[in-house]
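I have placed the structure first, in the form of structure tokens, so that the comments after it can refer back to it.
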Amino acid sequence: MSGDPIARLSRSGARGAILGARHVEAAERLRRDFLNALRGPQITSRYAPRLEARGRSAAAGDGGPGAEARRRLDGALFAVGEDARTALVRVVLEERGLEDLEAEQSWPRRSGKIVVRMALDALALHYRL
């Protein structure tokens, strides 16, 4: 793995960039939610008043700082569909190369960039970019 595959696909080469600004923004949002979702619940004491004391549901604050990010991540991955989900997880979140994705999925060589672009199109549509 040498660098970010999304950054490589967004750079202009001899044939132009495969991904545009909206694709990159969609990938960055997904990656940001993924990283925030990894944050677990807070395990140290907080001295702020408890949510119940303010008249809110206790469930609203459950799950720590990553709970909302997990909901957004799950919603985005569900919205794009199963095939696109696999491409996004492997390339955007795991930062694996297109060759790895193509081999894993038994796809023809050089088809990964098309699938990733279509997956990012669906993701950008979900994010309304």
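Atom CG of Leu88 sits about 12.5 Å away from atom CZ of Phe34, to the nearest 0.5 Å. Between atom CD1 of residue Ile114 and atom CD1 of residue Ile18 there is a gap of 8.0 Å, rounded to the nearest 0.5 Å. Between the NZ atom in Lys113 and the CG atom in Leu101 there is a gap of 13.0 Å [rounded to 0.5 Å]. In this structure, Arg90 CZ and Gln105 CD are separated by 7.0 Å, a value rounded to the nearest 0.5 Å. Annotation: the span from Asp33 atom CG to Arg70 atom CZ amounts to 11.0 Å, rounded to 0.5 Å.
Listed here is the closest heavy atom pair of Ala124 and Arg22: CB-NH2, 3.6 Å. Across all their heavy atoms, Glu102 and Arg109 have their closest contact at OE1-CA, 3.9 Å. Between Ala87 and Val116 the shortest heavy-atom distance is CB-CG2, 4.3 Å. Nearest heavy atoms, Leu30 versus Ala76: CD1-CB, 4.0 Å.
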Query - salt bridge (Lys or Arg N to Asp or Glu O under 4.0 Å) between Arg71 and Glu68, intermediate numbers included - result: CA-CA 5 Å; Arg71 282 191 286 278; Glu68 184 58 34; 3.0 Å; yes

**Report entry** Test side-chain contact (heavy atoms from CB on, under 4.5 Å) applied to Leu129 and Arg29, step by step
**Finding:** CA-CA 11 Å; Leu129 299 174; Arg29 279 192 189 187; 3.6 Å; yes

Query raised in the report: Would Leu19 and Ile6 satisfy side-chain contact (heavy atoms from CB on, under 4.5 Å), going step by step from the backbone distance to the final call?
Result: CA-CA 8 Å; Leu19 302 178; Ile6 299 301; 4.0 Å; yes

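The pair Arg31-Glu28 does not count as a salt bridge, with every side-chain nitrogen at least 4.0 angstrom from each carboxylate oxygen.
Cluster annotation: Leu38 is connected to Leu93 through the hydrophobic network of ILVMFWY side chains, with a link wherever side-chain heavy atoms come within less than 4.5 Å. Linking Ile, Leu, Val, Met, Phe, Trp and Tyr whenever their side-chain heavy atoms come within less than 4.5 Å leaves Met118 and Leu9 in two separate clusters. Criterion: ILVMFWY side-chain heavy atoms under 4.5 Å apart, direct or through other members. Under it, Leu120 and Phe78 are not part of a common hydrophobic cluster. Hydrophobic clustering places Leu73 together with Tyr127 (ILVMFWY residues linked when any side-chain heavy atoms are closer than 4.5 Å, directly or through intermediates). Hydrophobic clustering (ILVMFWY, side-chain heavy atoms < 4.5 Å, transitive): Leu35 and Val92 are in one cluster.
When side chains are defined from C-beta on, Glu95 counts as touching Pro5, because their heavy atoms get closer than 4.5 Å.
Around atom CG of Asp83, no more than 12 heavy atoms belonging to other residues, nucleotides or ligands sit under 6.0 Å away.
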